[in-house]
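Atom set for the values below is all heavy atoms of this structure, side chains included, hydrogens, waters and symmetry mates excluded. Just follow the structure's listing: the first ligand is 1, and inside any ligand the first atom is 1.
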Amino acid sequence: MRITVLGSAAGGGFPQWNCNCRLCAGHRAGTLRAAARTQSSIFVRADDAADGILFNASPDILQQVKANAAVLQPGRGLRDTAIAGVVLIDGQVDHATGLLMLRERGRPLPLWCTDPVAEDLTTGNPILRVLGHYCGVERHRIALDGHAFEVPGVPGLQLQAIPLQSKAAPYSPHRDAPAPGDNIGITVTDLASGRRLFYAPGLGAIEPAVFDAMRAADAVMVDGTFWTDDEMIALGLSRKSARDIGHLPQSGPGGMIEWLARLPTSTRRWLIHVNNTNPILDEDSAERAALTRAGIGVAEDGLEIHV
Ligand code: MLT
Ligand code: MN
Ligand code: ZN
């Protein structure tokens, strides 16, 4: 399968519009080696197919389509797209509001999400109801029983969801009463090669079933939001820790680096959904060097990966 990273930053992107942290300011000033990044999304298709699946619809989707026109705009008709369907891993702003930007479709947008995400997107943030006034949504339910499903029009790829510990969006009616399915990870299997990708841009804790899914994959692309648990607190930007908002930090005991080190040596590893405060954005940082030594890549916008 072919994976195109459309957006590799967490909510806000990098540099973030109102942020003057060392990284955002350094990027603007041109004094830092760090690539700009749009908000979290990937596009996946089988090797010889043009049409594929958009995982998450970022508010930056229009910019992402322009930047990846050769992949996303095959130009086969007056109105055309390579996006055969959209799969949401949660209902957060950075993953769902781009749906509104796809409203010019001629037919309802095929959309896969869990029940709690569908509820959030019809109540707290009623994007799906708004879309009903435009192209409409053909919603498919992602069940949490692990059964495999396919997206029609995307030959050769099979998907399986696993519920995760992370966080529902602040506007979720059950923000403080987490429900299974608020956040999921997805295993994408290429049926021709048998190769698997595990994708989980928001991952607050690695439970045994989640680690099993990671171990079974040839490539993992997982939560790269924060380096330390108190990153936002230390900068005076928030009172909440990384874990409080559903993101496992990379460093320290029990952090993502430790978990990734337990995977088979052949597993390819990337971090994605990187927050603008995370020092790994700085390509000359000690933190980035530590990832490189651990064999962990940091996803960048436009990165093409063949699994
Ligand atoms: C998150 O995953 O916590 C988000 O990136 C928050 C946001 O989009 O504001
Ligand atoms: Mn996010
Ligand atoms: Zn910043």
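Its N, O or S atom nearest to the Mn ion (ligand 2) is what matters here, and for Asp94 that atom is OD2. For His273, the N, O or S atom with the smallest separation from the Mn ion (ligand 2) is NE2.
In summary, no N, O or S atom of Gln16 is located under 2.8 Å from the Zn ion (ligand 3).
Aromatic rings from Tyr199 and Phe55 are positioned such that their centres are separated by under 6.0 Å.
Put simply, the angle at the Zn ion (ligand 3) from SG in Cys19 to SG in Cys24 is close to 110°, to the nearest 10°.
Residues Glu300 and Ser8 have side chains that never bring a donor and an acceptor to within less than 3.5 angstrom of each other.
Looking only at heavy atoms of the protein, atom 6 (C) of ligand 1 is closest to Gln92 OE1, 3.9 Å. From the protein, the heavy atom lying nearest to atom 7 (C) of ligand 1 is Gly11 CA, 4.0 Å.
The shortest distance between side-chain heavy atoms of Leu159 and Ile53 falls below 4.5 Å. Side chains of Arg196 and Gln158 form no contact here, defined as non-hydrogen atoms less than 4.5 Å apart.
Neither the backbone nor the side chain of Lys167 comes within contact range of ligand 1; no heavy atom lies under 4.0 Å.
Considering every non-hydrogen atom in both Ser41 and Gln64, the closest pair reads CB-OE1, 4.0 Å.
Side-chain atoms of Asp301 come within 3.5 Å of backbone N or O of Thr38 as a donor-acceptor pair.
Annotation for ligand 1: atoms under 4.0 Å from non-hydrogen atoms of His247 are 1 (C), 2 (O), 3 (O).
By the 6.0 Å and 45° rule, Arg268 does not stack over the aromatic ring of Trp270.
For ligand 1, one of its N or O atoms has an N or O atom of Asp94 under 3.5 Å away.
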